[in-house]
Amino acid sequence: IPVFMGYSGMIVLQGGLKNQIGIDEDDRHESYVYGIAVGFLYIGNLVFRLLHNIIFTCMRPRQRVMLSYTCMTLSMFLLLFPYFIFHVDNIVFVFLAYMCAGVGIGTFCLLYTSPSPRDS
């Protein structure tokens, strides 16, 4: 459940984060770049749904779940500290945070819904 809550938080937070960074709707270029940055959530999700068995082949399913929790937590911290605590206005952390969240949800969803036996 925490990974899905983080995923929904990343989606709901987009408008507030855009305001926090200071991107106006009138600035088309920055709005466009911001849209690409939040799109990294879906790019990361797609890539790791397709490739997580190849990239994480050396990890057991439980380790992959822990990695997905870690990625989602890291993505939240990458938004919290720079933008809401230190008030940075650079968009780089949005790219990193949304990609980490995509990796987390993309890896977790396949493991959560797979009919494979439990791994301890």
Side-chain angles (χ1 to χ4, degrees):
I1 300 290
V3 174
F4 292 119
M5 291 175 67
Y7 180 63
S8 66
M10 296 299 276
I11 294 170
V12 172
L13 188 64
Q14 289 176 8
L17 181 61
K18 190 174 181 179
N19 291 336
Q20 182 71 25
I21 296 173
I23 298 174
D24 295 329
E25 293 296 326
D26 299 335
D27 190 357
R28 289 186 159 181
H29 177 69
E30 285 199 19
S31 290
Y32 179 74
V33 172
Y34 182 79
I36 292 172
V38 297
F40 269 49
L41 177 69
Y42 305 107
I43 293 168
N45 191 351
L46 174 68
V47 168
F48 278 87
R49 279 185 187 226
L50 297 175
L51 297 177
H52 90 278
N53 279 332
I54 296 168
I55 295 171
F56 300 133
T57 190
C58 63
M59 299 175 77
R60 300 173 71 189
R62 180 175 293 252
Q63 292 170 329
R64 292 179 192 182
V65 168
M66 291 301 142
L67 178 71
S68 68
Y69 285 157
T70 303
C71 286
M72 191 58 72
T73 303
L74 178 64
S75 70
M76 291 295 162
F77 282 128
L78 281 171
L79 294 179
L80 174 69
F81 286 109
Y83 298 118
F84 293 98
I85 294 179
F86 297 117
H87 304 288
V88 174
D89 61 353
N90 194 340
I91 200 167
V92 159
F93 295 105
V94 177
F95 282 97
L96 295 173
Y98 276 83
M99 182 55 113
C100 280
V103 169
I105 196 69
T107 302
F108 184 79
C109 280
L110 288 175
L111 293 170
Y112 184 74
T113 59
S114 71
S116 63
R118 296 198 113 147
D119 185 20
S120 52

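Just the heavy atoms: all of them, side chains too, but no hydrogens, waters or symmetry mates, feed the values below.
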Exercise. Please test V33 against F95 for side chain to side chain contact (heavy atoms under 4.5 Å, CB included), starting from the C-alpha separation and ending with a verdict.
Key: CA-CA 10 Å; V33 172; F95 282 97; 4.1 Å; yes

Quiz item: Which atom pair, heavy atoms only, marks the closest approach of N45 to Y7?
Solution: ND2-OH, 4.1 Å

Practice problem: Check the hydrophobic clustering (I, L, V, M, F, W, Y; side-chain heavy atoms under 4.5 Å; chains of links allowed) and say if I43 and I54 are grouped together. | Solution: yes

Self-check item: Spacing of F77 atom CZ and L96 atom CG [to the nearest 0.5 Å]
Solution: 16.0 Å

Quiz item: T107 and R64: which non-hydrogen atoms are nearest, and at how many Å?
Solution: CG2-O, 3.8 Å

Self-check item: Closest heavy-atom pair and its distance - L17, Y98
Solution: CD2-CE1, 4.1 Å

Quiz item: Between R49 and H52, which heavy-atom pair has the shortest distance, and what is it?
Solution: O-ND1, 4.0 Å

Quiz item: Between atom CD1 of I85 and atom CG of L79, what is the distance when rounded to the nearest 0.5 Å?
Solution: 11.5 Å

Quiz prompt | Verify same cluster id: M72, V12 (apolar side-chain graph, 4.5 Å) | solution = no

Quiz item: Where is the tightest heavy-atom contact between S31 and K18, given as atom of each residue plus distance?
Solution: OG-NZ, 3.4 Å

Exercise. Could you pull out the closest heavy-atom pair between Y83 and Q20, with the gap in Å?
Key: O-NE2, 3.0 Å

Quiz item: What is the distance from atom CG of L41 to atom CG of L46, rounded to the nearest 0.5 Å?
Solution: 11.5 Å

Practice problem: Measure from the side-chain N and O atoms of S8 to the backbone N and O of M5, and report whether any donor-acceptor pair falls under 3.5 Å. | Solution: yes

Self-check item: Rounded distance (nearest 0.5 Å) linking atom CZ of F86 with atom CG of L80
Solution: 9.0 Å

Practice problem: Hey, could you give me the CG/OG1 distance between L51 and T57, rounded to the nearest 0.5 Å? | Solution: 12.0 Å

Practice problem: Using the ring-ring contact (aromatic ring centres under 6.0 Å, His included) rule, collect all pairs that involve residues 8-39, keeping only residues at least two apart or in two chains. | Solution: none

Practice problem: State which residue, out of Y42, F108, F56, fulfils the ring-ring contact (aromatic ring centres under 6.0 Å, His included) condition with F48. | Solution: F56

Exercise. Measure the spacing between CD of E25 and CZ of R28 and express it to the nearest 0.5 Å.
Key: 11.0 Å

Self-check item: Donor-acceptor under 3.5 Å (N90 side chain, V92 main chain)
Solution: yes

